[in-house]
Amino acid sequence: MTNKLIYLDNNATTQVDEKVLNSMMPFFKSEYANPSSMYDFAKTSSKAIADARVKVKEFFNAESEREILFTSCGSESANTAIKGVLETNKDKRHIITSKVEHPCVLNVYKKLEKQGYKVDYIGVNYNGELDLEQLSEAITDDTALVSIMYANNETGVINPISKIAEIIKSKNPQTKFFVDAVQVAGKIPIDVQTCGVDLMGISGHKFHAPKGVGALYVNSKTIISPLIIGGHQERGKRAGTENVPYIVGLGTACEEAQSFLKYEASEVKRLRDKLESGILKNIFNARLNTGLANRVPNTSNIGFEYIEGELILLHLSDLGICASSGSACTSGSLEPSHVLRAMNVPFTAIHGSIRFSLSRFNTESEIDYVIDVLPGVIEKIRNLSPYQDELEALRTQKAAAGCSCM
Ligand code: PLP
């Protein structure tokens, strides 16, 4: 074990930014009023929510603050969007999503399918890119909703959201389009107006706000019914006393994220690319699972052939390095990820696939350290692999192609 912590699992969660934390603090202790109360003491907390809503609205580039709902997480945003749209549109019974969505969308769709909805699950190619032709063919007059994620949590592959919106609306202008944008928030610019989406969800803890707060954009032309019924909060669309400090934190995180977008696109991407090329150059049984697909700047999904991903993670953990196999929700099970299965990642690499996801808090020396120690870790595990003949053949093949890696 080492004292050093190198956190490369930022698609699972992120550390809270200092500015975000500082902005939240007064609302735990001195400004604790219920924002719905009538007295003057409540004015600071209700104004803080209003200010945060403006910041989130600007983050989405929404038309109005009235289009922003605060939620508790990305999963609640997705559940509210999907169930909220279908509840107000009961005569249509067809819905569409992709095979590689996060469980907070996929499992809702599976439940709806059991309840009698006709569901189309759109596939992806070997790089993780959505099959747009299949999507276009699937849309009918009966399609109530399409849910497609902005970027995949395991691979970082970005879907062409504007193009998808165009396809949907040209086939059926009444079909609503929900986008789970949890993995793009803070990584690439978001603009709901140019994207042409109806609903979009984000989660604070993926971009340096705390766990327990999220937001849902619902455009003014879309009517949803609430998931949580009770008081009049969030204009009747989400009951429950507002989580003032966390909402304030989300607002600050949105503001901060905007100011770091250039840094993400240049420096975070540079470090991610350095890590990736260092691994691919130095380790002969490594392959980039996403090929040339367009990705968010922080994510790399690499398959190490003929070895087990869990073993790699345990060895890395002993060195203080945090990474992930599969998504945070599915790792812990030995089933290969549904995302990599949908991409047809070969069986030789699917069990040994590792996701590295960076943030603006990672440093060059951390990346150098990982590039330095990972080949030794992989070699140690390779020596235990039952696939020695296959590994030897792979080594010979790579050497013939001019690779001198170990
Ligand atoms: N959507 C995507 C793409 C995610 O990666 C995650 C979390 O991993 C979620 C939704 C769920 O977000 P939360 O953990 O805030 O519910």
Side-chain angles (χ1 to χ4, degrees), residues 7-16 20 56 59-60 69-83 97-110 121-122 124 128 130 146-159 161 164 177-188 190 197 199-217 227-228 238 243 246-247 249-250 253-254 257 290 293 295-301 322-333 337-340 342-343 355-359:
Y7 187 75
L8 299 178
D9 199 17
N10 288 279
N11 286 9
T13 198
T14 58
Q15 66 170 289
V16 175
V20 170
V56 177
F59 184 73
F60 278 114
L69 278 189
F70 290 115
T71 65
S72 66
C73 59
S75 301
E76 189 192 321
S77 297
N79 273 256
T80 305
I82 299 166
K83 295 177 189 170
T97 190
S98 85
K99 288 184 179 170
V100 299
E101 297 296 303
H102 186 272
C104 73
V105 169
L106 219 40
N107 288 341
V108 177
Y109 267 66
K110 283 183 186 153
Y121 298 94
I122 308 301
V124 293
L130 194 74
V146 177
S147 279
I148 300 289
M149 66 201 326
Y150 210 139
N152 185 270
N153 42 308
E154 294 185 37
T155 62
V157 171
I158 298 175
N159 284 314
I161 294 302
I164 292 171
F177 183 25
F178 166 63
V179 174
D180 171 0
V182 164
Q183 290 295 345
V184 297
K187 297 172 187 168
I188 59 171
I190 292 178
V197 307
L199 307 104
M200 185 180 275
I202 57 170
S203 172
H205 75 103
K206 308 288 185 176
F207 63 110
H208 309 294
K211 295 156 195 65
V213 66
L216 177 65
Y217 159 80
L227 189 67
I228 302 176
R238 201 271 186 181
N243 188 350
Y246 283 60
I247 289 172
L250 184 70
C254 283
T290 46
R295 283 176 291 154
V296 285
N298 79 319
T299 308
S300 189
N301 194 304
C322 305
S324 151
S325 63
S327 73
C329 313
T330 48
S331 54
S333 104
S337 121
H338 70 287
V339 176
L340 301 183
M343 291 163 66
R355 176 187 72 188
F356 299 96
S357 48
L358 284 67
S359 82

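Atoms within a ligand are numbered from 1 in the order they appear, just like the ligands themselves. Keep in mind that the numbers below use all heavy atoms, side chains included, and drop hydrogens, waters and symmetry copies.
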Visitor: What residues, two or more places apart in sequence or in another chain, satisfy side chain to side chain donor-acceptor pair (under 3.5 Å) together with Thr14?
Guide: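 So Thr14 forms no side chain to side chain donor-acceptor pair (under 3.5 Å) with any residue.
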
Visitor: Does Glu101 reach ligand 1, in the sense of a heavy atom lying below 4.0 Å from it?
Guide: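 Outside the 4.0 Å threshold, so no.
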
Visitor: Would you mind running through ligand 1 and noting each atom that sits below 4.0 Å from a heavy atom of Ser75?
Guide: 11 (C), 12 (O), 13 (P), 16 (O)

Visitor: With heavy atoms only and a cut-off of under 4.0 Å, state how Cys104 meets ligand 1: side chain, backbone, both or neither.
Guide: side chain

Visitor: Any side-chain heavy atom of Leu227 within less than 4.5 Å of one from Arg238?
Guide: no

Visitor: For ligand 1, which atoms, with element, lie under 4.0 Å from some heavy atom of Ser203?
Guide: 13 (P), 15 (O)

Visitor: What do the steps show when you test Phe59 against Phe207 for ring-ring contact (aromatic ring centres under 6.0 Å, His included), and what is the final call?
Guide: CA-CA 12 Å; Phe59 184 73; Phe207 63 110; 5.4 Å; yes

Visitor: Would you mind running through ligand 1 and noting each atom that sits below 4.0 Å from a heavy atom of Cys73?
Guide: 13 (P), 15 (O), 16 (O)

Visitor: I want to confirm something. Looking only at heavy atoms, which of Glu76, Lys211, His102 is nearest to atom 9 (C) of ligand 1?
Guide: His102

Visitor: Could you pull out all residues at least two apart from Ser75 that satisfy side chain to side chain donor-acceptor pair (under 3.5 Å)?
Guide: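 For Ser75 there are no side chain to side chain donor-acceptor pair (under 3.5 Å) partners, ignoring immediate neighbours.
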
Visitor: Among Val339, Thr155, Asn153, which residue meets the side-chain contact (heavy atoms from CB on, under 4.5 Å) test with Arg355?
Guide: Asn153

Visitor: Considering non-hydrogen atoms only, spot the tightest contact between Lys187 and Pro297 and give its length.
Guide: O-CG, 3.7 Å

Visitor: Please identify which atoms of ligand 1 are closer than 4.0 Å to at least one heavy atom of His205.
Guide: 13 (P), 14 (O), 15 (O)

Visitor: Is any side-chain heavy atom of Gln183 closer than 4.5 Å to one of Lys206?
Guide: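 Lys206 reaches Gln183 side chain to side chain.
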
Visitor: Short list, please: which atoms of ligand 1 are under 4.0 Å from a heavy atom of Gln183?
Guide: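 Taking each heavy atom of Gln183 in turn, ligand 1 has 3 (C), 4 (C), 5 (O) under 4.0 Å.
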
Visitor: Give the numbers and elements of all ligand 1 atoms closer than 4.0 Å to a heavy atom of Met149.
Guide: 3 (C)

